[in-house]
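See below for the structure under consideration.
None of these values were measured; they are calculated from a predicted model.
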Amino acid sequence: MIEEIPGSREIANGYDDVFVFVKEYLSKVYSRQVTDISDTVWCPEWWRHTEAVIRLDAVWQTWEHFRLQGGPGISVWFLNHADRHMAMLFDPRGPFKYCSVRNGHKEMLDPLPQDPPQGPDRAMFTNPPPNGPWQKTMEPRA
């Protein structure tokens, strides 16, 4: 995908999509032992996990942003973005809990349980009225 910026040259993404980014870059940068005897888990079909797709897409998009900045940009990317998301994905209690490289993907985690709000609690989830008391309105200058 090529992004055009008015008055400047075209800037192409480093990778075409998140799958290519994970395959060609992230999987090499984050080389880890992910066997069954490790405390680091990974699913070879990570793209089947909604949380993983969202996190890895965020890691890819921030990488695309920071790679163009130079200087400490990639360090900021590691510390504030990639390391945090990867720690959640590698965590044995995370979205890959029942998956393994040896046994593959396992669809065993259910969405979080929830009870829908009832009665007056339901009002918390309606659209707020425009110019509510929490919004500051601009007064015209005289």
Any residue meeting side chain to side chain donor-acceptor pair (under 3.5 Å) with Gln118, in chain and number order, not counting sequence neighbours: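 Gln118 satisfies side chain to side chain donor-acceptor pair (under 3.5 Å) with no other residue.
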Qualifying residues under side chain to side chain contact (heavy atoms under 4.5 Å, CB included), relative to Lys106, sequence neighbours excluded: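 With sequence neighbours excluded, Lys106 shows a side chain to side chain contact (heavy atoms under 4.5 Å, CB included) to Tyr98, Asn103, Met108, given in chain and number order.
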Would you kindly confirm whether [X] and [Y] end up in one hydrophobic cluster when ILVMFWY residues are joined by side chain heavy atoms under 4.5 Å apart?
X     : Y     : answer
Trp47 : Tyr30 : yes
Leu79 : Leu89 : no
Val53 : Tyr25 : yes
Val76 : Trp60 : yes
Val29 : Val41 : yes

If you compare all heavy atoms of [X] against all heavy atoms of [Y], which two are closest, and at what distance to 0.1 Å?
X      : Y     : value
His85  : Ala58 : NE2-CB, 4.3 Å
Val59  : Thr62 : O-OG1, 3.1 Å
Ser100 : Pro44 : O-CD, 3.6 Å

Does [Y] offer a backbone N or O that forms a donor-acceptor pair with the side chain of [X] under 3.5 Å?
X     : Y      : value
Glu45 : Gly104 : no
Thr40 : Phe90  : no
Asp17 : Val20  : yes

Supply the atom-to-atom distance [X] [atom1] to [Y] [atom2], rounded to the nearest 0.5 angstrom.
X     : Y     : atom1 : atom2 : result
Leu68 : Ile74 : CG    : CD1   : 9.0 Å
Trp46 : Leu56 : CH2   : CG    : 5.5 Å
Asp39 : Arg32 : CG    : CZ    : 11.0 Å
Ser75 : Asn80 : OG    : CG    : 8.5 Å
Met88 : Asp83 : CE    : CG    : 13.5 Å

Geometric class of the His105/His49 ring pair [parallel <30°, tilted 30-60°, perpendicular >60°]: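 Rings of His49 and His105: perpendicular, as their planes differ by over 60°.
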Ring geometry between Trp63 and Tyr15 (parallel below 30°, tilted from 30 to 60°, perpendicular above 60°):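 Plane angle between 30° and 60°, so tilted.
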Heavy-atom check, side chain of Asp91 versus side chain of Phe96, under 4.5 Å: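 No, side chains not in contact.
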Gln69 and His65 side chains, donor-acceptor separation under 3.5 Å: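 Yes.
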Audit row: Met86, Leu26, side-chain contact (heavy atoms from CB on, under 4.5 Å) steps and yes/no: CA-CA 10 Å; Met86 295 306 290; Leu26 202 66; 3.7 Å; yes
Proximity of His81 and Phe66 rings by center, below 6.0 Å: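 Ring centres of Phe66 and His81 closer than 6.0 Å.
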Residues Glu51, Arg55; criterion salt bridge (Lys or Arg N to Asp or Glu O under 4.0 Å); working and verdict: CA-CA 6 Å; Glu51 180 181 350; Arg55 286 183 180 279; 2.9 Å; yes
